[in-house]
There are 2 protein chains.
Amino acid sequence: MIRVLVADDHAVVRAGIVALLDDVDGIEVVGQAADGLAAVEEARRLRPDLVVMDVRMPGATGDVATARIRAELPGTRVLILTTYESDSTIIAAIEAGASGYLLKAAPAEELIEGVRSVARGETALSPAIAAQLVARLRAPAPAELTPRELDVLRLVAAGCSNRVIGERLFIGEATVKSHLLRVFEKLGVHDRTRAVTLAMERGLL
Amino acid sequence: MIRVLVADDHAVVRAGIVALLDDVDGIEVVGQAADGLAAVEEARRLRPDLVVMDVRMPGATGDVATARIRAELPGTRVLILTTYESDSTIIAAIEAGASGYLLKAAPAEELIEGVRSVARGETALSPAIAAQLVARLRAPAPAELTPRELDVLRLVAAGCSNRVIGERLFIGEATVKSHLLRVFEKLGVHDRTRAVTLAMERGLL
DNA sequence: GGGGGCCTCCACCGATCGGTGGAGTCGACG
DNA sequence: CGTCGACTCCACCGATCGGTGGAGGCCCCC
């Protein structure tokens with residue numbers, strides 16, 4: 001019997017996962033949680049074999065909750081659900097120790113088979129997500145932005161000029177331009193607007 | 001007995017709505033659909049009292065599907081579900097004739113009560129969404145952009161300079177700037193980057 | 001026929017941005 | 001302890017952008 005904890009902030013999604021899994025032989029839903037912190041606490045209390053978790057939740061996001069659960073409970077595996085194929089948190093969640101990553105749009109069989117695979121110690125990835133991971137590996141530039149570069153880029157997205165950004169971040173305008181030039185370089189673009197839209201597409205912003 | 005059709009492209013969400021509603025006395029789920037077109041077809045075939053529909057679906061988006069269903073089946077009402085409070089399609093769906101708009105994060109009771117309300121001919125709105133509607137009504141400018149202005153803005157989002165945009169659209173650079181200035185005015189911003197991000201937030205792009 | 005959008009274009013200006021080519025401090029990591 | 005990455009700053013330049021203040025043509029609707 002695979003004991004499963006379900007964590008999702010959306011009541012209907014939670015009910016859906018429970019409905020799909022609880023009917024299946026060999027799978028038992030032992031608990032539910034509505035946010036990331038509750039997921040960690042319930043996992044600690046129930047010690048399930050598997051946590052099926054939404055990647056975006058209030059409290060603690062999926063990757064943070066995954067890391068905590070993996071650190072405290074070596075016997076508990078994590079299967080992440082996501083809405084979007086191109087979610088920037090995919091990498092983070094996998095690095096945090098998630099054993100699987102499925103799309104919410106996936107058919108019921110894929111979810112059930114994913115649960116069984118992960119419980120067996122295997123990895124479960126939706127095809128679209130697997131493709132994305134491969135693409136990332138092929139991409140020469142991981143295009144990861146430093147915290148400061150993200151600060152600057154967020155203010156650019158808000159429509160601030162370089163001078164205003166400098167004032168807001170308590171740095172010189174020249175520094176803002178330096179950060180921005182690095183951002184352009186990393187993203188392979190030549191202007192601030194495209195940098196913002198591309199960062200949004202990649203989920204960096 | 002309220003006969004309900006459930007439409008959502010996410011299998012788990014669909015299962016969740018069905019699980020929550022089917023157990024309730026007086027509510028019967030008579031069908032399901034995985035995209036907007038299928039929702040319209042199933043509604044035509046099943047003639048349910050109510051369609052519970054995700055706002056974002058492949059095929060036809062929630063608002064388009066709502067409009068078609070309302071046009072063809074006067075006896076069928078539509079209740080829209082959404083993930084985000086600030087979804088730009090809220091207005092469109094309500095204009096298309098939806099009788100309710102609930103958040104997926106809403107508790108099960110709210111969803112069930114929403115279904116009953118809408119079936120009675122009332123309107124069901126999540127508090128957060130109701131607040132948003134009021135805010136919109138207070139906003140003086142509806143901020144609609146002309147087709148040409150959207151053409152220009154899309155190219156701005158792609159990172160093109162004004163000159164390049166002019167070349168692509170076979171118009172002068174001066175014309176591009178004219179369009180852009182109108183866009184800034186309509187959106188109440190002062191630079192191209194913020195114009196793009198705001199347009200994306202509002203679903204104009 | 002007379003508005004009223006919408007689209008097109010022009011000249012001109014100051015402000016801002018993109019880009020170059022530096023340089024220094026600091027903390028982390030091996 | 002050396003190195004590397006992240007962050008900070010400077011001066012300078014040409015290109016682009018934001019903004020002003022026009023103008024005319026087109027089409028649709030009243």
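Values in this document were obtained by computation on a predicted structure and should not be read as measured data.
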note: B:N162, atom CG; C:dT8, atom P; distance rounded to Å ~ 14 Å
A:L181 near the nucleic acid: base, sugar-phosphate alone, or nothing, with a heavy-atom cut-off under 4.0 Å? base
Is the shortest side-chain N to carboxylate O distance from B:K177 to B:E173 below 4.0 Å? no
Using chain B heavy atoms and a threshold of under 4.0 Å, write down where along DNA chain D the contacts begin and end, 5' to 3'. D:dT16 to D:dT20
What does B:S161 touch in the nucleic acid at a heavy-atom separation under 4.0 angstrom: a base, only the sugar-phosphate, or nothing? sugar-phosphate
Please compare A:S178 and A:R182 by the position of their nearest nucleotide in DNA chain D and report the one closer to 5'. A:R182
Residues B:E42 and B:R47 bridged, charged N to O under 4.0 Å: no
Have a look at B:T146 and say if it touches a base, only the backbone sugar-phosphate, or nothing, with a 4.0 Å heavy-atom cut-off. sugar-phosphate
Carboxylate-amine/guanidinium contact A:K186 A:E149, below 4.0 Å: yes
Side-chain heavy atoms of B:L37 within contact of B:R68, under 4.5 Å: yes
On DNA chain C, more 5' by nearest nucleotide between B:G172 and B:K177 is B:G172
What's the CD-C1' distance between B:E173 and C:dC9, to the nearest Å? 12 Å
Does A:D151 come within less than 4.0 Å of A:R148, counting only side-chain N to carboxylate O? yes
Does this structure show an ion pair linking B:D54 with B:R14, if we count only N-O contacts that are shorter than 4.0 Å? no
